[in-house]
Amino acid sequence: MLFLKDGSKSIEEITKLLDSPSASVLPQIKKLKDNRLVLQDGKYYSLSKIGVIVTEKMSPLVGILEVFEDNPDYWINQDLSGIPPFLLPRLGELSPYKVIEPELHRIFEPPEEFLDSLMKSRDVMRFTSYFQPSFAEIHAELLMKQTNISIIVTENFFERVVNDYPEELENFLFPENSRLFVYKGSSSLASVTVTERFMAITLTNKKGRPDQRFLISSEKNAIEWGKELCTYYRDLSEEIQKEDAARLISGSEK
């Protein structure tokens, strides 16, 4: 039925796709015809109006199943509660994707593939709920490249930066091409980074600890999905203005 979504197909085309002889395929097509889901015109088959409606509802489900089947060991222990309900049914849009395992000597650093794509990006939006010291240097390098950056952080993350790393807060806020937002809610999402080139997400496991693996996709649909996820958190956040940052930094130094 998904194969017929784009238009009528001959029995030869259908059997070739399914890699099955017509003797196996035709009884299944007959069941679809009997249920008024598929119409036949000679040796060509097409979706009925009911079939079109059913197939439209079927596509997201099939996409999600494909995402989970591609890497079941990755998904089984992930906490997905940080992904808003309107995006969960669209997890199929992440496919095709790769799950990158960190190298042992870089366990606390982003993978090279992630960094290479990030450094070539013009616009970066990132949500993160945990502090990674390596990202301070990455952020500074992006700013030097005149990359436009929007960072959304949780309140706990922000308070830690203010108290322990006030100089990093200056780097976040004072350049013209950088914006900082603080999300005051709670989220089990570890981080998501999206640019015009790719999206990458790091989830937490069911024990609440960030998974060091990166799920990365360069597909158009995945990038749009990532933008909607970051925008969701940004719209629920408060932007930190430069004058407020200066006051906070001054207070922390005292």
If you take all heavy atoms of [X] and [Y], which pair is closest and at what distance?
X	Y	result
T147	R122	CG2-O, 3.3 Å
E13	K9	OE1-CA, 3.4 Å
E196	S121	OE2-CA, 3.3 Å
S217	I223	O-CG1, 4.5 Å
P27	S24	CD-O, 3.5 Å
M125	T231	SD-N, 3.9 Å

* Asked: When clusters are formed from ILVMFWY side-chain contacts under 4.5 Å, directly or step by step, what else is grouped with L26?
  ->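 In the cluster with L26 are M1, L2, F3, L4, I11, I14, L17, L18, V25, I29, L32, L37, V38, Y45, L47, I50, V52, V54, M58, V62.
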
* With ILVMFWY side chains joined below 4.5 Å, transitively, what does Y44's cluster contain besides itself? ->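 Members besides Y44: none; it forms no cluster.
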
Inter-residue atom distance [X].[atom1] - [Y].[atom2], 0.5 Å rounding:
X	Y	atom1	atom2	result
T55	I53	OG1	CD1	10.0 Å
I138	L118	CD1	CG	7.0 Å
L180	E238	CG	CD	10.5 Å
N148	L142	CG	CG	10.5 Å
L115	S117	CG	OG	9.0 Å
E69	E66	CD	CD	7.0 Å

* Asked: Does any donor atom in the side chain of N77 or N205 lie under 3.5 Å from an acceptor atom in the other side chain?
  ->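 N77 vs N205: no donor-acceptor pair found between side chains.
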
* Looking just at side-chain N and O atoms, do S81 and D79 make a donor-acceptor pair shorter than 3.5 Å? ->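 Short answer, yes.
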
Verify the cluster assignment for [X] and [Y]: are they in a single hydrophobic cluster under the rule of side-chain heavy atoms below 4.5 Å apart?
X	Y	value
I83	V192	yes
Y74	L65	no
I152	L87	yes
L203	I76	no
V99	F68	yes

* To do: Verify side-chain contact (heavy atoms from CB on, under 4.5 Å) between T154 and F127, making sure each step is shown before the conclusion.
  => CA-CA 8 Å; T154 58; F127 169 87; 4.0 Å; yes

* To do: Would you please test L94 and M199 for side-chain contact (heavy atoms from CB on, under 4.5 Å) and show each step?
  => CA-CA 9 Å; L94 299 182; M199 70 80 61; 4.1 Å; yes

Kindly indicate whether the side chain of [X], heavy atoms from C-beta on, has any atom under 4.5 Å from the side chain of [Y].
X	Y	value
R179	I151	no
C230	R126	no
K145	E141	yes
L229	P84	yes
S95	D70	yes
W225	V194	no

* **Working for side-chain contact (heavy atoms from CB on, under 4.5 Å), residues Y97 and I201** => CA-CA 11 Å; Y97 65 89; I201 188 169; over 6 Å; no

* **Steps toward side-chain contact (heavy atoms from CB on, under 4.5 Å) verdict (E113, F214)** => CA-CA 10 Å; E113 182 175 343; F214 277 64; over 6 Å; no

* Do S48 side-chain atoms and R36 backbone N/O form a donor-acceptor pair below 3.5 Å? ->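 The answer is yes, because a donor-acceptor pair under 3.5 Å joins these two groups.
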
* Is the shortest side-chain N to carboxylate O distance from K30 to D34 below 4.0 Å? ->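 D34 and K30: salt-bridged.
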
* **Residue among Y233, F158, F157 satisfying ring pair (Phe, Tyr, Trp, His ring centres under 6.0 Å) with Y183** =>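 Single pass found, and it is Y233.
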
* Carefully, step by step, assess F114 and F198 under the rule ring-ring contact (aromatic ring centres under 6.0 Å, His included). => CA-CA 9 Å; F114 171 89; F198 75 103; 5.6 Å; yes

